[in-house]
Amino acid sequence: MKKMELEEVKSMLENEQESPNMIEWYLKTYTYYKTNDGLVLSFKNKPSITKTLYFDDEYEIPKLTEELFLNYNEMNYTSEYHKIDEYNEQTQPYFIKHYCTSDVQVSPVLSTNYYTDYLQDLEYNNKKNYFRRYMTNEEIQEYNKICDEFINNYIERLKKYFKKYNKNIYCMGYWANR
């Protein structure tokens, strides 16, 4: 997979008849990668940062530390960047075209966490006759490297945010069991 150049992404989005404002938004929000056979994946550049950390108020509210802040915000990048840790022939990750209107943009379907969801997705996609191509081992390794890069960038961003704005970050109790 190779990172797409700005002009190449712009051209792709123009071919999809996106408005100039949406093209600008996509370029600012996502980074695009292209597989060797021309399929396009998008990765969100900057997942949000959660600055109010909620905890069950029946327990002592933890002391705010950088580690606590990083751990709490882990959910933001794990929902964006799904690394592929384990798979086998039955749960081989694949690319699919069905959410996107583009002829080339695909979404990866990964089997790492929810085996039953994976099988249900596979069956549903087969019934709908959506385009599907299994990821090669090389693509899986490249995909994981890209995810690692984005995760590391996000963690660095969180550390800088904590150092600069730690006075604006709060631990707050909420009614968990009422």
Between Leu68 and Cys171, is any pair of side-chain heavy atoms under 4.5 Å apart? yes

Quick one: are Met172 and Ile61 in side-chain contact, heavy atoms under 4.5 Å? no

Kindly indicate, with the supporting measurements, whether the criterion side-chain contact (heavy atoms from CB on, under 4.5 Å) is fulfilled by Asp57 and Trp175. CA-CA 6 Å; Asp57 70 350; Trp175 289 12; 3.1 Å; yes

From Glu142 CD over to Leu41 CG, what is the distance, rounded to the nearest 0.5 angstrom? 10.5 Å

For the pair Glu24 and Lys28, find out whether any cationic side-chain nitrogen is under 4.0 Å from an anionic carboxylate oxygen. no

What closest approach, in Å, do Ser48 and Asn73 show between heavy atoms, and which atom pair accounts for it? O-OD1, 4.3 Å

Just checking, Arg132 and Tyr94: is the charged tip under 6.0 Å from the six-membered ring centre and within 45° of the axis? yes

Does Phe162 reach the side chain of Leu64, with side-chain heavy atoms less than 4.5 Å apart? yes

Is it the case that the side chain of Glu139 and the backbone of Thr136 share a donor-acceptor pair, with hydrogens and angles ignored and the cut-off at 3.5 Å? yes

Donor-acceptor contacts under 3.5 Å from residues 4-11 side chains, at least two apart:
residue	atom	partner	partner atom	Å
Glu8	OE2	Lys34	NZ	2.7

Please examine the side chains of Asn36 and Lys2, heavy atoms only from C-beta on, and report whether any two atoms are closer than 4.5 Å. no

To the nearest 0.5 Å, what is the distance between NZ (Lys44) and NZ (Lys46)? 12.0 Å

Keeping Asn76 on the side-chain end and Pro47 on the backbone end, is there a donor-acceptor pair under 3.5 Å? no

Sub-4.5 Å side-chain heavy-atom contact between Asp148 and Tyr81: no

Do other residues, nucleotides or ligands put more than 12 heavy atoms under 6.0 Å from Lys63 NZ? no

Just by distance, do the side chain of Tyr26 and the backbone of Thr31 share a donor-acceptor pair under 3.5 Å? no

With no hydrogens and no angle check, do the side chains of Asp56 and Tyr174 hold a donor and an acceptor under 3.5 Å apart? no

Using a 4.5 Å cut-off on heavy atoms from C-beta on, say whether the side chain of Tyr72 contacts that of Thr50. yes

Would you please test Lys145 and Glu149 for salt bridge (charged side-chain N to carboxylate O under 4.0 Å, His left out) and show each step? CA-CA 6 Å; Lys145 283 181 187 176; Glu149 183 180 320; over 6 Å; no

Taking the ring centre of each residue, are Tyr161 and Tyr165 less than 6.0 Å apart? yes

Taking C-beta and beyond as the side chain, do Met22 and Leu13 meet within less than 4.5 Å on heavy atoms? no

By the ring-ring contact (aromatic ring centres under 6.0 Å, His included) test, which pairs, at least two apart or in different chains, include something from residues 28-51? Trp25-Tyr30, Tyr33-Phe43, Phe43-Tyr143, Phe43-Phe150

For residues Asp37 and Thr35, is any side-chain donor paired with an opposing acceptor at under 3.5 Å? yes

Of all the heavy-atom pairs spanning Phe69 and Lys51, show the shortest one and how long it is. CE1-CA, 4.5 Å

Begin from the C-alpha positions of Ile155 and Glu74 and carry the test side-chain contact (heavy atoms from CB on, under 4.5 Å) through to its verdict. CA-CA 9 Å; Ile155 290 171; Glu74 181 180 1; over 6 Å; no

Output, in order, the C-alpha distance, side-chain angles, deciding distance and verdict of side-chain hydrogen bond (donor to acceptor under 3.5 Å, both in side chains) for Thr29 and Asn45. CA-CA 6 Å; Thr29 307; Asn45 291 328; over 6 Å; no

Work out which heavy atom in Lys159 is nearest to a heavy atom in Leu70; give both atom names and the distance. CE-CD1, 4.0 Å

Using side-chain contact (heavy atoms from CB on, under 4.5 Å), reason through Ile96 and Arg133 one step at a time and then give a plain yes or no. CA-CA 7 Å; Ile96 189 156; Arg133 181 176 69 72; over 6 Å; no

Counting C-beta onward and ignoring hydrogens, is there a side-chain heavy-atom pair between Gln141 and Asn144 closer than 4.5 Å? no

Between the CD1 atom in Ile169 and the NZ atom in Lys164, the distance rounded to the nearest 0.5 Å is 12.5 Å

